[in-house]
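Data first, discussion second: the structure below is written as structure tokens.
Within every chain, numbering begins at 1; the chains are lettered A, B, ... in the order of the sequence lines, protein sequences first and strands thereafter. What's counted below: heavy atoms across the whole structure, side chains too, no hydrogens, waters or symmetry copies.
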Number of protein chains: 2
Amino acid sequence: MGSVEKKMPRINERLATSGLRLTPQREHVYDVLLAERDHPTAEQVFLRAKKDMPDISMATVYNCLDALVTSGLVKQVNLDRGATRFCPNMHEHCHFYCESCGGVYDIGLTRARPEVPMPRGFKATHLELSIRGLCPDCAARKK
Amino acid sequence: MGSVEKKMPRINERLATSGLRLTPQREHVYDVLLAERDHPTAEQVFLRAKKDMPDISMATVYNCLDALVTSGLVKQVNLDRGATRFCPNMHEHCHFYCESCGGVYDIGLTRARPEVPMPRGFKATHLELSIRGLCPDCAARKK
DNA sequence: TTGAGATTTAGAATTATTCCAAGTATTGAC
DNA sequence: GTCAATACTTGGAATAATTCTAAATCTCAA
Ligand SMILES: [Mn+2]
Ligand SMILES: [Mn+2]
Ligand SMILES: [Zn+2]
Ligand SMILES: [Zn+2]
């Protein structure tokens with residue numbers, strides 16, 4: 001995670017191509033996401049962001065998250081009815097939701113992109129897989 | 001769709017095994033869902049249900065939908081942030097969301113249940129695939 | 001230096017859903 | 001059949017997550 005050398009130009013450039021500026025708030029929100037790979041909600045991002053930037057507002061967190069999503073640096077993850085979660089991992093992957101602890105984990109899709117035969121006429125542009133069950137910790141505990 | 005002969009015992013029995021009663025409202029909400037295969041929201045179900053049962057309330061529609069889901073007669077479908085949609089098709093299938101018209105379509109998963117290699121320790125119990133793109137009508141129109 | 005446009009912010013508004021408490025209906029024991 | 005226990009429906013209040021709004025602040029380029 002060579003943050004300064006690699007992250008900065010990337011985030012700057014990505015925002016720029018969407019006509020957005022790199023602001024301290026946006027960078028900080030992105031850092032918060034990169035710091036922990038648990039798919040936090042906007043609320044959780046807000047709480048974490050405040051630690052180092054006490055004056056940041058909830059509205060700004062929503063704005064920043066939106067800017068990061070728009071510029072392709074962050075993915076939104078929606079799990080049934082709950083609050084939207086955010087994921088800075090832009091590699092192709094799907095999400096595993098633990099029904100016991102509520103945790104969300106990345107599952108790499110090596111090459112096995114699920115193949116689904118489309119009925120005539122449908123043009124698929126994007127497909128999303130989500131899995132639910134028990135994470136390793138919870139599975140072990142339930143034994 | 002031999003409704004009376006086949007639907008009634010099924011819905012009655014399914015509700016019963018969850019300790020729930022078959023009420024006129026529950027049956028009517030189920031009928032509304034069966035009448036059109038377009039994954040309506042609770043609001044839409046409410047509007048349609050009122051046509052033949054003008055005194056039904058929104059709260060009851062939510063309650064009925066919940067009862068039907070609990071007893072395994074109806075599936076909930078969540079598409080990103082939007083209102084939950086409801087689907088009376090209990091065969092294994094996934095959902096196609098048209099980014100142009102917003103329609104939701106059932107896509108049968110013949111046998112091709114997507115195979116995903118689980119990292120060590122994860123116990124998957126359920127997996128869900130959703131696809132977005134253009135439905136046949138919208139795809140043709142965009143040509 | 002300056003002003004147009006972008007960004008941040010607090011708080012109001014909105015949306016979808018759940019909760020609540022009261023009234024109504026159904027059921028089974030007698 | 002009567003009656004109480006239980007289930008169900010209902011309107012409205014409450015909640016949760018998100019979006020909107022309008023004013024203050026910041027940034028960049030001329
Ligand atoms: Mn992820
Ligand atoms: Mn469906
Ligand atoms: Zn877990
Ligand atoms: Zn369409």
Would you indicate what Gln25(A) reaches in the nucleic acid, counting non-hydrogen atoms under 4.0 angstrom: base, sugar-phosphate, or nothing?
sugar-phosphate
Rounded distance [0.5 Å steps], CD in Gln44(A) versus NE2 in His39(A)
11.5 Å
Which residues satisfy the side-chain contact (heavy atoms from CB on, under 4.5 Å) test with Asp66(A), sequence neighbours excluded?
Thr70(A)
Taking any heavy-atom pair under 4.0 Å as a contact, classify Thr23(B): base, sugar-phosphate, or nothing.
sugar-phosphate
What residues form a side-chain contact (heavy atoms from CB on, under 4.5 Å) with Ser100(B), not counting sequence neighbours?
Cys98(B), Leu134(B), Cys138(B), Lys142(B)
Take atom NZ of Lys123(A) as the centre, draw a 6.0 Å sphere, and report whether it contains more than 12 heavy atoms from other residues, nucleotides or ligands.
no
Between Met58(B) and Arg26(B), whichever has its closest DNA chain D nucleotide further toward 5' is Arg26(B)
Tell me, please, which residues at least two apart from Asn89(B) pass side-chain contact (heavy atoms from CB on, under 4.5 Å).
Arg37(B), Cys87(B), His91(B), His93(B), Asp106(B)
Span of DNA chain D, from the first to the last nucleotide whose atoms fall under 4.0 Å of chain A heavy atoms
dA17(D) to dT27(D)
Set of side-chain contact (heavy atoms from CB on, under 4.5 Å) partners for Asp80(A), sequence neighbours left out:
Arg132(A), Asn78(B)
Interface residues of residues 48-57 of chain B with DNA chain D (non-hydrogen, below 4.0 angstrom):
Asp55(B), Ile56(B), Ser57(B)
Quick one: pull up CD1 in Ile56(B) and NZ in Lys50(B) and give me the separation to the nearest 0.5 Å.
10.0 Å
Asp38(B)/Arg48(B) ion pair, N-O < 4.0 Å:
yes
I need the full list of side-chain hydrogen bond (donor to acceptor under 3.5 Å, both in side chains) pairs touching residues 13-30 of chain B, with sequence neighbours left out, sorted by first then second residue.
Lys7(B)-Glu27(B)
Shared-cluster residues of Val104(A), by chain and number - hydrophobic side chains joined below 4.5 Å:
Val77(A), Leu79(A), Tyr97(A)
Where along residues 61-81 of chain A does a heavy atom come under 4.0 Å from DNA chain D, residue by residue in number order?
Tyr62(A)
Starting at the 5' end of DNA chain C and moving along, which residue's nearest nucleotide shows up first, Arg21(B) or Arg85(B)?
Arg85(B)
Sequence neighbours excluded - ring-ring contact (aromatic ring centres under 6.0 Å, His included) pairs with any residue from residues 122-143 of chain A
Phe122(A)-Phe96(B), Phe122(A)-Tyr105(B)
Counted 5' to 3', the first and last nucleotides of DNA chain C within 4.0 Å (strictly under) of a heavy-atom of chain A are dG5(C) to dT17(C)
Tell me, please, which residues at least two apart from Phe86(B) pass ring pair (Phe, Tyr, Trp, His ring centres under 6.0 Å).
none
At 4.0 Å (heavy atoms only), tell me whether Ala83(A) reaches a base, stays on the sugar-phosphate, or touches nothing.
sugar-phosphate
With sugar-phosphate meaning primed atoms plus P, OP1 and OP2, does Thr41(A) contact a base, only sugar-phosphate, or nothing at under 4.0 Å between heavy atoms?
nothing
Rounded distance [0.5 Å steps], CG in Leu68(A) versus CG in Leu33(A)
7.0 Å
